[in-house]
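Computed from a prediction, not measured in an experiment: that's the story for all the values here. Just so we're on the same page: letters track the sequence lines, and every chain starts at 1.
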Protein chains: 2
Amino acid sequence: MSKIPQATAKRLPLYYRFLNNLNHQGKKRVSSKELSEAVKVDSATIRRDFSYFGALGKKGYGYNVEYLLGFFRKTLDQDELTDVALIGVGNLGTAFLHYNFLKNNNIQIKMAFDADEEKVGTKIGEVPVYHINDMEEKMTGVKVAILTIPASEADGITNRLVDQGITGILNFTPARITVPGHIRVHHIDLAVELQALVYFLKHYPLTKED
Amino acid sequence: MSKIPQATAKRLPLYYRFLNNLNHQGKKRVSSKELSEAVKVDSATIRRDFSYFGALGKKGYGYNVEYLLGFFRKTLDQDELTDVALIGVGNLGTAFLHYNFLKNNNIQIKMAFDADEEKVGTKIGEVPVYHINDMEEKMTGVKVAILTIPASEADGITNRLVDQGITGILNFTPARITVPGHIRVHHIDLAVELQALVYFLKHYPLTKED
DNA sequence: AATAAGTCGTGAGCAATTTCACAATATTAT
DNA sequence: ATAATATTGTGAAATTGCTCACGACTTATT
């Protein structure tokens with residue numbers, strides 16, 4: 001279906017955002033070296049990444065910002081809007097709701113769910129909060145969910161999402177949820193990230209570069 | 001210094017947490033296959049990961065949970081406490097402050113900083129909030145920081161942290177901060193993670209297994 | 001005791017990713 | 001025009017990580 005390496009695919013949204021920044025700053029051209037300094041990715045890696053999409057740059061010149069941006073807009077389906085539901089309106093969930101994804105993105109958090117009656121019926125950052133009991137009813141058509149609930153709730157909610165027909169879950173709970181093979185789950189484990197950083201600091205001390 | 005592959009090192013905190021769970025459940029032994037199902041990592045990968053630390057298991061038996069846990073406690077320096085400062089007490093920062101790292105971890109968020117006078121002087125989840133102006137003064141001895149501030153503040157605060165003598169930063173802002181080569185920065189970009197998930201869903205549809 | 005079943009640790013191969021390094025080409029300066 | 005400088009795109013090599021598959025050993029069963 002797609003020949004783009006996964007490692008490359010993960011960097012695309014990052015490139016896209018920085019190109020957008022450059023464009024807003026009025027910059028007309030950019031070299032892989034400049035972009036490398038901005039996004040902290042090796043310049044050869046950037047050139048390689050771009051090359052999977054064809055020859056987007058010009059030798060001796062670099063890349064035309066506007067052209068590149070337009071290309072990525074199409075490639076990343078920035079025109080096509082993806083609706084997302086957020087489950088769990090705690091602090092982490094609220095942080096997501098306040099993030100204005102629509103500004104530079106193709107993603108819209110359309111609705112949120114929580115069990116707290118005080119939150120149900122309110123809007124947070126334009127996003128309506130419904131009761132978790134109404135999840136299946138309200139979520140028709142929404143295929144992606146962000147899970148920002150307590151770990152103890154993870155399995156139960158996951159099963160309900162699976163039954164409802166979800167295709168992708170961004171899981172922020174420390175639980176490693178189990179789903180059928182056709183559903184994609186990305187785990188982001190904040191505690192693990194912090195522990196990994198500390199481990200690296202102790203065991204892989206940096207001396208000069210990188 | 002260490003021969004442990006970075007990919008392995010990143011999985012260690014995850015293994016540690018699940019072993020802790022098993023231990024609390026009273027489980028005495030565990031096989032790489034069982035652990036694999038729990039943490040969603042291939043069992044051969046788990047055995048390979050463990051093997052970097054020597055022969056920790058027994059053929060035909062599996063791993064002794066208590067022994068393995070004790071081993072990792074030492075390896076991951078779970079006995080040695082690492083103090084961390086959190087900069088930016090917004091929703092995301094607050095989520096971190098409520099996370100009880102001390103429970104299973106070697107990490108303690110010791111203090112938080114914010115510019116909002118209403119927050120200064122309060123405690124959130126036992127962690128005192130100080131004014132951002134007092135950062136250098138209060139942070140003596142703290143070498144790790146979590147950055148949960150607006151992107152526009154990232155560069156300024158980063159420079160102050162660098163001058164103060166930081167060694168590691170967990171950066172949640174969308175900005176890619178610039179630091180001297182001896183300082184380790186891990187970026188977690190929530191918007192990019194969500195966009196990457198959506199990209200994968202569209203371009204790398206799953207059919208049966210993983 | 002003997003057999004069957006379970007499980008580790010790892011050699012070897014494979015796959016993915018990164019990086020080097022340079023020919024080709026474009027731009028800029030003189 | 002010419003030379004100097006900049007920068008891409010990519011073959012090839014290097015690095016990193018993952019998985020298979022199996023010998024060796026342990027435990028459980030009969």
Measure the distance from [atom1] on [X] to [atom2] on [N] and round it to the nearest whole Å.
| X | N | atom1 | atom2 | value |
| --- | --- | --- | --- | --- |
| A/Leu35 | D/dT7 | CG | P | 13 Å |
| B/Lys33 | D/dC20 | NZ | P | 14 Å |
| A/Asp42 | D/dT15 | CG | C1' | 14 Å |
| B/Phe53 | C/dT10 | CZ | P | 14 Å |
| A/Lys28 | C/dT27 | NZ | P | 17 Å |
| A/Glu34 | D/dA6 | CD | C1' | 11 Å |
| A/Arg47 | C/dT19 | CZ | C1' | 10 Å |
| A/Ile46 | C/dT19 | CD1 | C1' | 13 Å |

Does B/Thr45 have a side-chain nitrogen or oxygen under 4.0 Å from the phosphate oxygens OP1 or OP2 of D/dG17?
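Result: no.
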Any side-chain N or O of A/Ser32 under 4.0 Å from OP1/OP2 of D/dT8?
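Answer is yes, contact under 4.0 Å.
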Does [X] have any side-chain contact (heavy atoms from CB on, under 4.5 Å) partners at least two apart in sequence or in another chain, and if so, which?
| X | result |
| --- | --- |
| B/His186 | A/Leu197, A/Phe200, B/Leu170, B/Arg184 |
| A/Asn159 | none |
| B/Glu126 | none |

Within a strict 4.5 Å, meaning less than it, do heavy atoms of the [X] and [Y] side chains meet?
| X | Y | answer |
| --- | --- | --- |
| B/Tyr99 | A/Leu190 | no |
| A/Val41 | A/Ser36 | no |
| B/Leu86 | B/Met111 | no |
| A/Arg17 | B/Val192 | yes |

Strictly below 4.0 Å, N to O, side chains only: are A/Lys143 and A/Asp83 in salt-bridge contact?
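No salt bridge links A/Lys143 with A/Asp83.
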Identify whether the distance between the nearest side-chain nitrogen and carboxylate oxygen of B/Lys10 and A/Glu193 falls below 4.0 Å.
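Between A/Glu193 and B/Lys10 there is no salt bridge, as every charged N stays at least 4.0 Å from the carboxylate O atoms.
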Heavy atoms under 4.0 Å, any strand shown: does A/Ser43 hit a base, just sugar-phosphate, or nothing?
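Counting heavy atoms under 4.0 Å across all strands, no contact is made by A/Ser43.
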Over all strands shown, is A/Tyr63 touching base, sugar-phosphate only, or nothing at heavy-atom distances under 4.0 angstrom?
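It contacts sugar-phosphate atoms only.
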Roughly how far, to the nearest 0.5 Å, is CZ of B/Arg11 from CG of B/Asp49?
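It is 4.0 Å, given to the nearest 0.5 Å.
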Check the interface with nucleotides 24-29 of chain D: list each N/O to N/O pair with the protein under 3.5 Å, or write none.
| from | atom 1 | to | atom 2 | distance (Å) |
| --- | --- | --- | --- | --- |
| D/dT26 | O4' | B/Lys59 | O | 2.6 |

Establish, yes or no, whether the cationic atom of A/Arg29 lies under 6.0 Å from the six-membered ring centre of A/Tyr61 and within 45° of the ring axis.
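The answer is yes, since A/Arg29 meets both limits relative to A/Tyr61.
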Of B/Leu56 and A/Asp49, whose closest DNA chain C nucleotide lies nearer the 5' terminus?
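Its nearest nucleotide being more 5', the pick is B/Leu56.
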On DNA chain C, does the nearest nucleotide to B/Val30 precede the nearest nucleotide to A/Tyr52 from the 5' side, or the other way round? Give the residue.
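Going by which nucleotide is closer to the 5' end, it is B/Val30.
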Students often mix this up, so state it plainly: with edges at 30° and 60°, are the rings of A/Tyr15 and A/Phe72 parallel, tilted or perpendicular?
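Tilted.
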Which of residues 8-15 of chain B have a heavy atom under 4.0 Å from DNA chain D?
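DNA chain D contact set from residues 8-15 of chain B: B/Arg11.
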One character per nucleotide, please: for nucleotides 11-16 of chain C, 5' to 3', B when the base has a protein heavy atom closer than 4.0 Å, S when only the sugar-phosphate does, - otherwise.
BB----
